[in-house]
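When a ligand or atom number is given, it counts from 1 through the structure's own listing order.
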Amino acid sequence: MATVLWAERLLEQPEKEALSFQSSISVDKRLVFVDIQGSQSHVKMLAKQGILSAETAAILDKELSRIARDVEQGTLKIDDNAEDIHSFIENVLTERLGDIGRTIHAGRSRNDQVATDFRLYLKCAVSEIIHEVHATVTTVLDKAEAYAATIMPGYTHVQRAQPITVGFHLTAWASALIRDSTRFQDALKRFDECPLGAGALATSTLALDREYTASDLGFNGPVLNAMDAVSDRDFALECAAACAIVQTHLSRFCEDIILWSSAEFNFMHVADKWSTGSSIMPQKKNPDFAELIRGKTGRVNGNIVCLLTVLKGLPYAYAKDLQEDKEALFDSIDTVKQSLRMFRGMFATASFHEEQMKSACTGGFLEATDAAEYLVKKGLPFRTAHEVVARVVRDCIESQQHHIAERSLHDLKVHSTLFEADIYDLLRPEHCVNARTVHGGTNPQEVLRQINVLRTMYAAQ
Ligand code: ARG
């Protein structure tokens with residue numbers, strides 16, 4: 001087992017398995033570069049404050065850069081037996097520099113160090129997720145534009161409801177994704193504060209300059225209260241929640257795709273290269289990628305619950321429980337990033353079966369609301385109009401007719417004399433879609449307007 005930083009205090013050390021149980025290196029080794037960055041700022045500040053000599057600081061700084069380079073080039077392997085990444089770096093410094101390495105931890109604790117590393121890492125990871133979300137919005141909006149006027153049934157309760165367009169449906173998806181990226185941006189704004197210099201919980205008697213390290217590391221400023229700085233994991237919760245929401249959105253989109261690509265719907269063709277087969281059934285073509293994105297949502301949603309549960313009973317300030325924060329969030333970040341990329345690949349290469357979708361607009365009386373609103377425009381109270389059209393639909397079903405327009409004007413007038421010949425044109429699916437020019441509606445021009453609004457929104461983000 002590698003050397004622990006606190007060995008001197010204890011007469012006996014935990015056994016090998018116990019040490020490995022409390023080690024976090026397998027998870028926090030990905031913080032190696034931000035940890036070095038934090039250490040370099042800390043060293044600069046200690047020198048500026050006269051706590052370390054300029055020569056010592058220069059040697060430490062140079063060695064830290066060398067460690068970063070060695071790790072990058074693979075000539076320094078991160079020791080899987082180290083307690084955590086912070087101990088590992090300090091131990092390497094001391095192995096290489098002797099007593100000079102032993103000076104670096106003045107005025108800091110692993111408690112403020114890990115909180116700083118975590119935030120630095122997340123600033124970058126969150127920007128990458130935002131980038132992936134934007135790329136996905138572009139893919140979805142490009143399809144929405146291409147199919148802005150393509151008619152399909154809109155559903156409620158998975159029962160056909162009213163005719164809509166593919167562009168309209170996809171614009172709903174894109175709206176959700178735009179909110180996702182703003183959620184990450186909001187979180188980023190709030191956690192852009194530096195915990196470094198908070199020490200174990202109460203700062204230090206050394207004359208640290210926390211403003212300096214905060215600005216040197218590119219933060220907006222230092223976290224106001226030191227105890228808050230080492231205890232707070234709101235930033236992890238917010239990021240995990242934002243991940244769970246975007247993943248849940250992808251899961252719902254995938255559910256649409258799974259339904260649409262089934263033989264029963266036959267609305268969509270998923271490319272062969274984004275499908276898989278069966279080991280036993282030779283005919284099968286399965287939407288595994290969509291299913292897996294939907295499935296992984298369970299774990300991403302579990303991660304936010306995991307973090308909340310770790311935090312809920314924690315007294316102030318730091319407790320080792322907090323070490324469990326990174327595994328959950330890293331997993332969410334990795335999963336969301338990969339799912340967004342897979343979703344894009346699968347969706348960009350999929351195509352819609354326009355004829356099939358159009359013909360599915362007949363047979364479910366999707367025009368019924370339009371018929372009722374026709375009567376409202378002629379002065380009938382809506383509830384009465386609803387009942388009139390419900391009776392017409394019943395007549396149709398009894399006579400095995402699939403569309404209100406199949407009934408003669410005479411048959412319609414049995415239920416309301418307000419029906420005239422002009423009703424027939426209004427009941428065509430194209431008309432149902434075009435007539436909804438209301439803000440947010442299905443009219444293709446209105447859908448194009450929505451697409452433009454969304455494009456402007458994310459260009460401005
Ligand atoms: N590996 C620890 C973590 O991730 C670093 C902080 C340890 N601090 C301590 N006092 N044991 O939380």
Using a distance-only test with no angle check, is there a side-chain donor-acceptor pair under 3.5 angstrom linking [X] and [Y]?
X: His105; Y: Arg108; answer: yes
X: Asn301; Y: Gln247; answer: no
X: Gln323; Y: Ser24; answer: yes

Under a 4.0 angstrom heavy-atom cut-off, which atoms of ligand 1 come close to [X]?
X: Ser24; result: 1 (N)
X: Lys326; result: 3 (C), 4 (O), 12 (O)
X: Gln323; result: 1 (N), 2 (C), 3 (C), 4 (O), 12 (O)

### Message
Give me the nearest non-hydrogen protein atom to atom 11 (N) of ligand 1 as residue plus atom name, then the distance to 0.1 Å.
### Response
Arg110 NH2, 3.6 Å
### Query
How far is atom 12 (O) of ligand 1 from its nearest protein heavy atom, and which residue and atom name does that atom have?
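It is Tyr318 OH, 2.5 Å.
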### Message
Judged on heavy-atom distance to atom 9 (C) of ligand 1, which of Asp28, Asn111, Asp84 sits nearest?
### Response
Asn111
### Task
Before accepting this row, confirm whether a basic side-chain N of the pair Lys320/Glu83 lies closer than 4.0 Å to the acidic partner's carboxylate O.
yes
### Query
Should the pair Glu72-Arg69 be classified as a salt bridge under the 4.0 Å nitrogen-to-oxygen rule?
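Not counted as a salt bridge, because no side-chain N and carboxylate O are separated by less than 4.0 Å.
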### Task
Mark the output for Glu83 as yes if a heavy-atom distance to ligand 1 is under 4.0 Å, and as no if none is.
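Glu83: no contact with ligand 1 (<4.0 Å).
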### Task
Could you check whether the rings of His169 and Trp260 sit parallel, tilted or perpendicular, using 30° and 60° as the cut-offs?
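Aromatic pair His169/Trp260 classed perpendicular.
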